[in-house]
**Student:** 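Provided herewith is a single structure, encoded as structure tokens, for subsequent inquiry.
Atoms within a ligand are numbered from 1 in the order they appear, just like the ligands themselves.
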Amino acid sequence: MSKNIPELFGCMVFNDDVMRERLPKEVYKSLTRTVATGKQIDPSIADVVANAMKDWAVEKGATHYTHWFQPLTGVTAEKHDAFISPVGACKVVMEFSGKELIRGESDASSFPSGGLRATFEARGYTAWDPASYAFVKDGTLYIPTAFCSYTGEALDAKTPLLRSMDAISTQALRILRIFGDHTTRRVDVNVGAEQEYFIIDKAMYDRRPDLVFAGRTLFGAPAPKGQELEDHYFGPLKTRIAAFMTDLDEALWRMGINAKTKHNEVAPAQHELAPIYANANIAVDQNLLVMEFMKKIAEKHGLVCLLHEKPYAGVNGSGKHNNWSLTANGKNLLDPGKTPGENMQFLLILAAVLKAVDDYQELLRVSVAYAGNDHRLGANEAPPAIISVFVGEELSALIDSIVDGKTYRGAKTAMMDLGIPTIPVFRKDTTDRNRTSPLAFTGNKFEFRMPGSSQNIALPNTVLNTAVAESFRQFADVLEKAEDTDAALAGLLKETFAAHRRILFDGNGYSADWEREAARRGLRNLKNSVEAFRTFTEEKNIRLFSSFGVMSEVEMRSREEIFFENYTKIINIEALTMLEMAARDYIPAVERYIADVADTAAKKLAVCPDVSCAVEKDIVRRLSELNGQAYGAVQRLRALESEAAGVENVRDRAECYCSRVLPVMRELRAAVDGMEELTSARYWPVPTYGDMMFRV
Ligand code: ADP
Ligand code: MG
């Protein structure tokens, strides 16, 4: 039966249409004005809005409400309260007040605060974010909120993002004014997040403790087939996967999420979903919902969705391309138009982004740094750990001509003629794609490809917004004072492009040549999370965030602490999981197999003393050797792991996990994977790579 998608779309969202229909005109106007201009909400309308929300939610089957927020755990948090309110001794009514809508108070002591909040100041507040629509899910009204400590410090990912959106809007408006736009009131950031993920059969997943505890396989010999045939990318969808995707799309559409594109990705059992871009705040909230729905709906199909950046070694990992642009009154400010060389406003914005990325490379790098993403970045598949920008041939030539003071002729747009009469001739893009660039200009937006598949993209966007706001601020300071704006503008462009051209790179980001070249250019190469974290509170970064009020030094230091802590906890869990699997599953399984093979040899010899037992001997010898190595690695890992866990200072602890624990984990894995290749499948205690990736 075909469904009426337009009718279904957004049916669980308290969106603009619903508000217009259900709120008194004045209240509706006041609320939308708040959202459009980013101004404070008028508290007197809160009761009316709350009541309308509650009535609507109850019609949708809700009995509870929750303040939904983004603590620094990386996932969302919610606590459900029923609408019920007692009347007399044995009756209730459904109630929801403006006060309950605007502010929630909760014990925040079990959320990470990076030392911001001692447990005796456990109180935390959630505050309604009217710019992101409330929605009903599983019988509860969800209210997107910001989360802060009793003393007002942001304990979440959303608050700095919202502040950064304000910062960039304010500074971008100054730029627009210089170009004669005096009417635009707000510049919006748009984000489209392409979400990659893996799917695995639930029964297989349940038998892999590493997937259950760590989200990635910590052991596993490669399957005979990987991604080398390139037959999975854009390949036809398997029936089971297609059914899951159909359900997922419908669930997301109900939530008002524009799920648009779905396809198979490069690695076996890897897929992607891309929504149509939205306002950054909403896009971040919606991406969190997308990830949640992927997991829940997969389960309904007897599947598990793996959002980890690197579930399997040897095949591609998963990222989340973050497409970013700026709009004013619906017009994309990153659209170069047909003749970018004459579009001074575009060139200035382009210069601002290049400058921002060059000046704050480290911050962009930290914004995507965490244990899971270390398996992607710089690992020959995802963007390298060095930040650079790809703008394509045309813009590169244009930038060069500006710096070198030459006239720019403009790229000729070529027509593509395939030589087949029935296929229409079409215009070619003036830039080809570059797949290895961390940040690529793709026509009218920047695509930041470093974020990992599991991460909340609030921080990468917070960094982008704030760094670009700083470029705008510096530009506006110069241009507003200039007597001859055109001359000042030309000078500024030349100067900025000359100073920051070094961040442009169009070549192969995976090559060793680039590492050397980048070093020569003075670009930072922060190879792992721990190296990256150390740069977060460098003085210029503190100055940047605090000058715009996006994050105070205290808020930054608390986040830094959480970065390190989170890293050590993840590696610790992985190490403990490996120890458990090796000691309790792999080593005993191999022992059993060795014993049976030895038994076979003994039996053979009993019957036929001169028979050859070369096979048995060889298997027993080689497996005993490897099992010995595995056992040795277990002993060393156990000792090292407890040593690392005991390191007092969190930075040193993270360093110890990174430089000492990880290598032993790799040794243990190598021994076990070696045994997997020699051990009878019947004895092997867990599903193999082949099972997990190809039997979905
Ligand atoms: P690809 O990156 O594969 O070329 P698309 O061009 O379709 O794919 O875009 C990928 C993502 O970028 C989608 O989520 C899309 O909505 C988003 N996107 C497109 N235009 C913009 C824009 N101006 N600002 C932000 N995101 C955008
Ligand atoms: Mg893309």
**Student:** Please work out which of Ser325, Gly443, Ala274 has its closest non-hydrogen atom nearest to atom 23 (N) of ligand 1.
**Tutor:**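 Considering heavy atoms of Ser325, Gly443, Ala274, the nearest to atom 23 (N) of ligand 1 sits in Ser325.
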
**Student:** List every atom of ligand 1 that sits less than 4.0 Å from any heavy atom of Pro275, numbering the atoms from 1 in the order shown and giving each element.
**Tutor:**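 Near Pro275, meaning under 4.0 Å from one of its heavy atoms, ligand 1 has 13 (C), 14 (O), 15 (C), 16 (O).
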
**Student:** For Phe563 and Phe536, what are the C-alpha separation, side-chain angles and deciding distance, and is it a ring-ring contact (aromatic ring centres under 6.0 Å, His included)?
**Tutor:** CA-CA 10 Å; Phe563 294 151; Phe536 187 59; 5.1 Å; yes

**Student:** Identify, by atom number and element, the atoms of ligand 1 in contact range of Asn332, meaning under 4.0 Å from any of its heavy atoms.
**Tutor:**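 Answer for ligand 1: 23 (N).
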
**Student:** What atoms in ligand 1 come closer than 4.0 Å to a heavy atom of Gly192?
**Tutor:** 14 (O), 26 (N)

**Student:** Is it true that the side chains of Asp188 and Thr327 contain a donor and an acceptor less than 3.5 Å apart?
**Tutor:** no

**Student:** With a 4.0 Å heavy-atom cut-off (strictly under), which part of Thr442 contacts ligand 1: side chain, backbone, both or neither?
**Tutor:** neither

**Student:** Can you classify the ring geometry of Phe234 versus His263 as parallel (below 30°), tilted (30 to 60°) or perpendicular (above 60°)?
**Tutor:** perpendicular

**Student:** Check the side chains of Gln270 and Tyr197 for a donor-acceptor pair under 3.5 angstrom, ignoring hydrogens and angles.
**Tutor:** no

**Student:** Side-chain donor-acceptor pair under 3.5 Å between Asp129 and Asn281, yes or no?
**Tutor:**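 Side chains of Asp129 and Asn281: pair found under 3.5 Å.
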
**Student:** By the definition side chain to side chain contact (heavy atoms under 4.5 Å, CB included), identify the one residue from Val284, Asn323, Ile457, Leu464 that meets it with Val191.
**Tutor:** Ile457

**Student:** Once you restrict to heavy atoms under 4.0 Å, what part of Glu447 touches ligand 1? Side chain, backbone, both or neither.
**Tutor:**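 Side chain only.
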
**Student:** Using heavy atoms and a threshold below 4.0 Å, how should the contact between Lys260 and ligand 1 be classified: side chain, backbone, both, or neither?
**Tutor:**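 Looking at Lys260 and ligand 1, no heavy atom falls under 4.0 Å.
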
**Student:** Any idea which atoms of ligand 1 are less than 4.0 Å away from a heavy-atom of Ile276?
**Tutor:**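 Near Ile276, meaning under 4.0 Å from one of its heavy atoms, ligand 1 has 16 (O).
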
**Student:** So, Arg502 and Asp358, do they make that salt bridge, N to O below 4.0 Å?
**Tutor:**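 Salt bridge between Arg502 and Asp358, a charged N being under 4.0 Å from a carboxylate O: yes.
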
**Student:** What do you reckon, does Trp324 have a nitrogen or oxygen under 3.5 Å from a nitrogen or oxygen of ligand 1?
**Tutor:**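 It does not: no N or O of Trp324 is found under 3.5 Å from an N or O of ligand 1.
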
